[in-house]
Amino acid sequence: MNVTTSATTAGGPQGRRAATLVMACVGVFVAYLPVTTVSVSLPAIQRAMHASTAQLAWVSDAFVLPMAALILTAGVVGDVHGRKKVFQAGLAFCAAGAATALSAQSIEVLWAGQALAGVGAAALLPTTLALISHVVPDPRERGKFIGLWATSLLSALALGPIIAGIVLEHFAWRWIYLLAVPVSLVAMACAARLLTDSRAAGSRRLDWPGQLTAALAITALVYGVIEGGADSFSDAKVLVALSTAVVAGVVFVLVERRSDSPMLDLKLFRSAAFSATTLVAMISFLGLIGFFFALSLYFGMVQQLSTLEAGARLVTVSLMAILVGAPVGRLMHRVSARALITGGLLVSAASLLSLTTVDADTSYLSLVWRLALLGLGMGLVITPMTATAVASVPHHLAGMAAAGNNAFRQVGGALGPAVLGALLTSRATGSLPGHLTEAGLTGAQRQSVVAAVDEGGLGAVAGMDLGPAQGRALGALSEAFLDGLHLCLIVSAALTLLAAAVAAVLLRGPRRSATLLAGSGTGTEVPAQRGADEPRPEFDLR
């Protein structure tokens, strides 16, 4: 049993549950709000900052990288020093990051603000789930709470584009960060009163060798992919970065195997359900977050939509996922997680493949049903994926399992814009000269456009003065961008199908009946009260 360290919240157990759920939902909303708010604003940021595609990828990854690198550490700090403290610290970092980005006058300061917000999100994600796990120990009931948690996550993704669109209709792009500041500060004040603190049983401590090697591996990997896509994968700095990522990853595994208090207990991967949901989270988010990055640029650069118009299209995905997510939380007790996750990923892959026919003139009605289909698939996946990861291990390791699942999810999210951004840029710049020739531009004009793209990215063409040829150059750029977008969609669909195959193969019921460790520190095991289709811990991890 977790150790409660603060006074009982007014209202008894039910009051504590309600207060914890509200604060957890607010926390995950604040953590994920920058994801789509920034994504849909990338064209405006690119124009204002004169940023290249690689620099834009770093705007997204400056947020996701620290989130991925620090989630496991944040989970351990919460277990050792109290989850309430880490929760409040996460909100403080989110407020500081938003304030920094709000005042940014350069792309580097914007990266810094995004990074601070990413640190805050890293603190919020594992602690919100651990707080829920603490007040709702029964896995069956916990699934309903996690469903509401996932709905709040999706609500942030849904509202982000709308908030950004409304702001950019009237103000500069930097004001998209304003809302996060008061929301974070008010939530901090409410948490001080409403939340009951908790710690994990036992003697966990910070695992600095594991933290440092994990952070180095993730940072080097994403840096190598972004720089390799922008320049060349044979470049010396790229080869050094990727080699460093491999070495640091191997060292991390060796360190964690020998640690007395590992940041990520590798025994968790003995659970087929935990391994499956972790791989699914990483692979699917790589494809989906990368897809959102490419799609937001399509709306801005090809269809020339305003941010609000682009947001109205992107919000379709999240709204559908929200509508589906709540019933899925209840459906989990009747339909296996394997069927829900595999089916959702197959639906998502079908949606991504259907989008490969879009062009510059694709109408809203033609696009919206495909995006709704993608949201349907996501809604079927997110809740059971998170609940299965937490429920597939003994209760005293639920916080670590949640942090591990979120960490791998964010690694995929960090690699998404990097990998697909590199593919998009490479394919578009490769096909651009041919499209310029088809558009009738002269040799000198073609060379100047290609040189501008090589120097300043695909968005540089909009700022050129080519006289009468300007419209034809932009049309050729759109065609080249569509070539890159179609490649990204095919890769995203392939990754989603791979995730579906992983879920179908690994997400199977345990071969034997298991018991759930009742973590009171006594080592006593008690039978878990679970539904027929709920995942069970397949082993004793003590």
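No hydrogens, no waters, no symmetry mates; every other heavy atom, side chains included, goes into these values.
- Across every non-hydrogen atom of Pro66 and Val119, the tightest pair is CB-CG2, 3.9 Å.
- Counting heavy atoms from C-beta on, the side chains of Val38 and Phe63 never come closer than 4.5 Å.
- In this structure, Leu485 CG and Leu420 CG are separated by 10.0 Å, a value rounded to the nearest 0.5 Å.
- Residues forming a side-chain contact (heavy atoms from CB on, under 4.5 Å) with Thr219 (at least two apart in sequence, or on another chain): Leu65.
- Separating the CG atom in Leu355 from the CG atom in Leu489 is a distance of 5.5 Å, to the nearest 0.5 Å.
- Contact detail for Glu256 and Gly210: the closest heavy-atom pair is OE2-CA, 3.4 Å.
- With hydrogens and angles disregarded, a donor-acceptor distance shorter than 3.5 Å links the side chain of Gln114 to the backbone of Val59.
- Scanning for side-chain contact (heavy atoms from CB on, under 4.5 Å) contacts around Thr278 gives Phe269, Phe274, Asn405, Phe408, with sequence neighbours left out.
- Counting heavy atoms from C-beta outward, Leu507 and Thr277 have side chains that approach closer than 4.5 Å.
- By the side chain to side chain donor-acceptor pair (under 3.5 Å) test, Gln88 pairs with no residue at all, sequence neighbours left out.
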task: Could you walk me through whether Val238 and Leu242 pass the side-chain contact (heavy atoms from CB on, under 4.5 Å) test, one step at a time?
output: CA-CA 6 Å; Val238 174; Leu242 296 178; 4.0 Å; yes

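- Between Gly160 and Thr37, the shortest heavy-atom contact is CA-OG1, 3.2 Å.
- Between atom CD1 of residue Ile283 and atom CZ of residue Arg409 there is a gap of 14.0 Å, rounded to the nearest 0.5 Å.
- Nearest heavy atom pair, residue Ala121 against residue Met67, reads CB-CE, 3.7 Å.
- One finds the CD1 atom of Ile218 at 8.5 Å from the CG atom of Leu221 (value rounded to the nearest 0.5 Å).
- Of all heavy-atom pairs between Leu125 and Tyr32, the closest is CD2-CE1, 3.5 Å.
- The number of heavy-atom neighbours closer than 6.0 Å to CZ of Phe93, taken from other residues, nucleotides and ligands shown, is 12 or below.
- Contact of the Met23 side chain with the Leu131 side chain is not registered, since no non-hydrogen atoms from C-beta on lie closer than 4.5 Å.
- Nearest heavy atom pair, residue Ala187 against residue Val26, reads CB-CG1, 3.8 Å.
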- request: Please lay out, stage by stage, how Leu195 and Thr20 fare under the test side-chain contact (heavy atoms from CB on, under 4.5 Å).
  value: CA-CA 6 Å; Leu195 274 186; Thr20 300; 4.1 Å; yes

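- One finds the OG atom of Ser348 at 7.5 Å from the CG atom of Leu373 (value rounded to the nearest 0.5 Å).
- In this structure, CG on Leu352 lies 5.5 Å from CG on Leu374, to the nearest 0.5 angstrom.
- One N or O on the side chain of Thr356 and one on the backbone of Leu353 form a donor-acceptor pair closer than 3.5 Å.
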